[in-house]
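Residue numbers start from 1 in every chain, and the chains themselves are labelled A, B, ... in the order their sequence lines are given, proteins ahead of strands.
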Amino acid sequence: MSHPENVADPATAAESERYRQGRAKLLEVSGERGAAAMAGLAEVAPDLARYVIEFAFGDVYARPGLTLAQRELATVAALSAQGDTAGQLTVHLNAAVNLGLSPEELVETLIQLVPFAGFPRALNAIRVVREVLAERGLTAEPEVHAEDRDRYQRGAEKLVEIDGQHGLDVVESLGDLAPDLGRYIVEFTFGDVYQRASLTPRQRQLVTVAALTALGDTAPQQRVHIGAALNVGLSPAQVVEILIQVVPYVGFPRVLNAIRVARDVFEERGTSAR
Amino acid sequence: MSHPENVADPATAAESERYRQGRAKLLEVSGERGAAAMAGLAEVAPDLARYVIEFAFGDVYARPGLTLAQRELATVAALSAQGDTAGQLTVHLNAAVNLGLSPEELVETLIQLVPFAGFPRALNAIRVVREVLAERGLTAEPEVHAEDRDRYQRGAEKLVEIDGQHGLDVVESLGDLAPDLGRYIVEFTFGDVYQRASLTPRQRQLVTVAALTALGDTAPQQRVHIGAALNVGLSPAQVVEILIQVVPYVGFPRVLNAIRVARDVFEERGTSAR
Amino acid sequence: MSHPENVADPATAAESERYRQGRAKLLEVSGERGAAAMAGLAEVAPDLARYVIEFAFGDVYARPGLTLAQRELATVAALSAQGDTAGQLTVHLNAAVNLGLSPEELVETLIQLVPFAGFPRALNAIRVVREVLAERGLTAEPEVHAEDRDRYQRGAEKLVEIDGQHGLDVVESLGDLAPDLGRYIVEFTFGDVYQRASLTPRQRQLVTVAALTALGDTAPQQRVHIGAALNVGLSPAQVVEILIQVVPYVGFPRVLNAIRVARDVFEERGTSAR
């Protein structure tokens, strides 16, 4: 069913500013692999391929405020947290490598995901990482820790450093009902995972905010981790950019709900994204 | 473990009214493919196969209020939005073709999904559409647009047409925090996707309500899009039917939460589903 | 990237108390299959494998309050409800068999899932069950019912038995808007599924609470089914243990949200988890 009244010459379309910008960005980000995926898609649904190019790459990836590597990290986090996205992860993990993210950063992104989305999502994505690295002849030099003492102590310090004393209060308020659950958050999330060096604190919060947005039904945790994102030095505008970056991967509803949380956090702090 | 005190003669069971009705509806909707899938399932879990036949087909698909093609469209939307349902999508896309939905309508259903569930869910489902169409020797004549000017203007008009001025107000209230996010909703969702002709406005809202229900944690968006469903001419009773239709695919909790939203919308408008 | 200042001798790590305990528990629960999966993972992300062993098995599976078979049932429910976890389900269904759960209990766990997560999640998991049983030379003796009369009557009685009169009131409050939806809950959920004998009422509630937690956006249903869990004889402490058990599979946010619901239910009943 074609609609002549709405159809411009394809050549014209291909040269629209957004399309040109999107196609250049697609090539910059994902190379020939991304272009080939779009060509395949265009056989069945040409406008869907055009929307990927124009909207995801021409509008979103082309925005200022985050580097392309940061955008790719948010994308990988959102795809991994969401599940059933192995095809897209293959494209975007390759893109991440193209943009200079190290194998260690990619593995670490998935380790950061564990406390928020559970092991299965991380393990599924690790399988894709393994394939992508193998195909490119890359290996990840693992960051290995073995220290198993004082996890609560160092976790509590990290939690206060990231979230403020308020964070520890929240965890300890579980003490009447499920004290070990609070303890696991301190020990595992902050005593193990947040101690690691392969991502910067800003990268960790970027990954966390993107993943929580992809999961949905995480407003209380978004509140904490958007606050933590500001604490580690991401600006309100960058937090908004992380949320905009994941729109093409999770849709508008999850992002609109997250924006509502971000607005509350910014207002409480008397700060603003503009 | 069989429970003789509860087991009637299978012949009797096979002839229960719901079972007979369900089996006839299963054959009408999904043909031999659906029957074969149920026979395979019955080897491991015969009552689970019986529940599919009795509940999904005998109770739900047999209901009045929506055509079978509308029911199948809601099913395809809910399965696609949910993810990890390629097996079920194969059955239901075939059923959709059996019921007279065109390849163009199926592709367009997935394009409609993008703003709400993101590209990955749509792209995964497009892959299944491609296989189903190829196996049946069908092709989708693509609806192709190229016009890239005045997207905001035409999107804003469409948004007001679908949601009323209130919809535009909501989007523009993002202006202080994430103005481009509001702009993308107007331009992409309403300026690109909602302009397309391969689905009617009622089909679009049916698909959207089904998909939002499958996603979960979308109450504010359900409120908007249930309202829009009424605006484009679906009746309150039809909205309720869309929600009942997706119960077998997403479970009761998502639907009960959506019913709560629908009730609020109907009450605000002084309308009713009965 | 290795961090010498943080790295103890691997031999020491391997002998940390949590690691030793976790490894023993991993072997007890999932046998050589689980150990092999962890060895494969350790090639790419050794600390991620260590976290599975230390946190999931050393901390969580080693807890008192639920039997290992109960923990495995909660895990299978959470993985199945979540979707895109076939790899993990293979490991945990094998573990469930190792721990003495019968093929009938595993099939029934997935039948219990249907009203809450829909047929697709149950059917996908049944496919994995079928493979696991076939590989082990096991078959499930199906529990087969055929009785199709008085489903509302017997469902309403079961609903009152499980949830109290309040449960029936909630369902019947749908009468003004979607009376058949309420009827399906009574007939299908309580008249069909809850009548079955292959799981005990406590197992059903354990499965339901785990699945609702994995799904997310189910707070009203968690409220009902945590209450029902207490009604059928699970203790508040056991409910908390079910929630802690699924942390490794669904992450902390879903569980923290569920703990909030559990706290409300316990307070309303003047009971406590400690």
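Contacts between Phe119(B) and chain A at a heavy-atom distance below 4.5 Å involve backbone atoms as well as side-chain atoms. When heavy atoms are compared at a cutoff of 4.5 Å, Val250(A) approaches chain B solely by way of its backbone atoms N, CA, C and O. Contact annotation for Leu110(B): neither backbone nor side-chain heavy atoms come within less than 4.5 Å of a heavy atom of chain A. Interface residue Pro220(B): only side-chain heavy atoms are found under 4.5 Å from chain A. For chain B, the nearby part of Glu43(A) is the side chain; its heavy atoms alone come within less than 4.5 Å. Within the 4.5 angstrom heavy-atom criterion, atoms from both the backbone and the side chain of Tyr249(A) approach chain B. For chain A, the nearby parts of Val114(B) are the backbone and the side chain; heavy atoms of each come within less than 4.5 Å. If you measure heavy-atom distances from Leu79(A) to chain B, the contacts under 4.5 Å come from the side chain alone. Both the backbone and the side chain of Val193(B) come within contact range of chain A, with heavy atoms under 4.5 Å apart. For Ile185(B), the parts lying under 4.5 angstrom from a heavy atom of chain A are both the backbone and the side chain.
Contact record, Leu212(B) with Pro253(A): CD2-CG, 3.8 Å, taken as the closest heavy-atom pair. Heavy-atom minimum distance, Pro248(A) versus Pro120(B): O-CD, 3.6 Å. The minimum heavy-atom distance between Asp84(A) and Arg121(B), with the atom names listed, is O-NH1, 3.5 Å. For the pair Leu215(B) and Arg254(A), the tightest heavy-atom approach, listed with the atom from each and the gap, is O-NH2, 3.1 Å.
Open room surrounds CD on Glu32(A); 12 or fewer heavy atoms of other groups in view lie less than 6.0 Å from it. The number of heavy-atom neighbours closer than 6.0 Å to CZ of Arg202(A), taken from other residues, nucleotides and ligands shown, is 12 or below. Within 6.0 Å of the CZ atom in Arg63(A), the count of heavy atoms belonging to other residues, nucleotides or ligands exceeds 12.
Looking at Asp59(A), its side chain never comes within 3.5 Å of a backbone N or O of Tyr184(B) through a donor-acceptor pair. Counting only distance, with no hydrogens or angles, the side chain of Arg50(A) and the backbone of His145(B) share a donor-acceptor pair below 3.5 Å.
Rounded to the nearest 0.5 angstrom, Asp47(A) CG and Glu108(B) CD are separated by 8.0 Å. Between Thr189(B) atom OG1 and Phe55(A) atom CZ the span is 7.0 Å, to the nearest 0.5 Å.
With a 4.5 Å cut-off on side-chain heavy atoms, Val240(A) and Leu181(B) do not count as touching. Contact annotation: the side chain of Arg263(A) approaches that of Leu174(B) to within less than 4.5 Å [non-hydrogen atoms, C-beta and beyond].
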Decide side-chain contact (heavy atoms from CB on, under 4.5 Å) for Leu177(B) and Arg260(A); before the verdict, give the C-alpha distance in whole Å, the side-chain angles of both, and the deciding distance to 0.1 Å. CA-CA 10 Å; Leu177(B) 185 59; Arg260(A) 200 168 299 135; over 6 Å; no

Passes side-chain contact (heavy atoms from CB on, under 4.5 Å), Gln88(A) versus Asn124(B)? Steps please. CA-CA 9 Å; Gln88(A) 291 78 29; Asn124(B) 287 352; 3.2 Å; yes

Exercise. Go through the steps to decide whether Gln221(B) and Asn257(A) satisfy the test side chain to side chain donor-acceptor pair (under 3.5 Å), and finish with yes or no.
Key: CA-CA 9 Å; Gln221(B) 293 78 33; Asn257(A) 293 348; 3.3 Å; yes

For a side-chain contact (heavy atoms from CB on, under 4.5 Å) check, start with the C-alpha distance between Tyr51(A) and Ile111(B), then their side-chain angles and the critical distance, and finish with the verdict.
CA-CA 9 Å; Tyr51(A) 294 153; Ile111(B) 291 179; 3.8 Å; yes

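With respect to chain B, the highest number of heavy-atom pairs below 4.5 Å among Val60(A), Leu256(A), Val247(A) belongs to Leu256(A).
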